[in-house]
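Below is one structure, written out as structure tokens, with a few remarks after it.
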Amino acid sequence: MAFLDQIKQRRSIYTIGKNVSLEQAEIENLIKDAVKHSPSSFNSQTSRVVILFGQSHDTFWHIVRETLRDLVSTDAFEATNNKINGFAAGYGTALFYEDQNVVKSMQEQFALYADNFPVWSEHSSAIAQFATWTALAEKNIGASLQHYNPIIDEEVAQTFEVPSHWKLRAQLVFGSIEAPAGEKTFMDDAERFKTFA
């Protein structure tokens with residue numbers, strides 16, 4: 001499949017299940033390869049990923065649910081709970097982190113660019129997330145990117161023994177595609193692009 005076709009195939013899939021055709025080890029290797037081969041500034045390789053399957057996946061979404069239970073009004077919690085149940089129905093979750101020790105080390109090594117390294121770290125994380133998401137889509141595995149950080153960070157770090165210098169940036173929940181994505185609309189190209197020759 002052509003690269004642009006793979007990008008077009010990647011969509012936010014919210015109705016997911018556990019009926020994936022790949023083995024767990026194949027998905028783990030797919031995620032590792034996608035992240036490993038994603039570019040980073042100065043080849044700093046700041047991205048870190050915690051991959052959750054089975055009970056660990058369930059535990060993660062339990063943490064999200066219970067954290068939100070304390071923060072969301074009783075009236076709104078039913079909708080929130082239904083949303084979390086949808087994520088928990090998936091096959092797994094990839095937690096994307098950025099290693100702040102590496103960021104600080106790069107700032108010290110290249111002082112002239114010190115202010116840019118936290119920004120470039122975010123770029124690296126976004127590229128790794130997108131590469132992973134697209135690689136999963138190419139294998140017909142649906143996914144959606146979630147952002148429950150920072151409210152879950154501390155408990156998740158304790159539960160999964162995540163180093164304190166890793167900063168949680170996003171959660172990519174994935175599984176079998178149980179319902180297709182809705183139609184995608186695009187703004188007018190004239191509002192988004194400029195070309196000069």
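What's counted below: heavy atoms across the whole structure, side chains too, no hydrogens, waters or symmetry copies.
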Under 3.5 Å side-chain donor-acceptor pair for Ser144 and Gln146: yes
Does a donor on one side chain sit under 3.5 Å from an acceptor on the other, for Glu78 and Thr80? no
Side-chain contact test, heavy atoms from C-beta onward, threshold under 4.5 Å: evaluate it for Val64 versus Trp61 and give yes or no. yes
Can the ring centroids of Trp120 and Phe117 be said to lie less than 6.0 angstrom from one another? yes
So do Tyr91 and Ile16 actually touch side chain to side chain, heavy atoms under 4.5 Å? no
Residue pair Tyr97 / Val49, side-chain heavy-atom distance below 4.5 Å: no
Could you tell me the separation between the CG atom of Asp58 and the CD atom of Gln55, rounded to the nearest 0.5 Å? 5.0 Å
Indicate yes or no for a side-chain donor-acceptor contact from His123 to the backbone of Ser40 under 3.5 Å, with no hydrogens or angles considered. no
Just so I know, are the side chains of Thr67 and Glu155 near enough to count as touching, which here means a heavy-atom distance under 4.5 Å? yes
Looking only at heavy atoms, which two atoms of Val162 and Val156 are closest? And how far apart? CG2-O, 4.3 Å
Using the ring of each side chain (for Trp, its six-membered ring), is Phe42 parallel, tilted or perpendicular to Phe110, with breaks at 30° and 60°? tilted
Any non-hydrogen side-chain atom of Arg48 less than 4.5 Å from a side-chain atom of Val102? yes
Is it true that Glu28 and Lys32 have a side-chain N and a carboxylate O under 4.0 angstrom from each other? yes
Can you spot which of Lys167, Arg169, Glu98 makes a side chain to side chain donor-acceptor pair (under 3.5 Å) with Ser121? Glu98
Side chains of Arg65 and Asn85, donor plus acceptor under 3.5 Å: yes
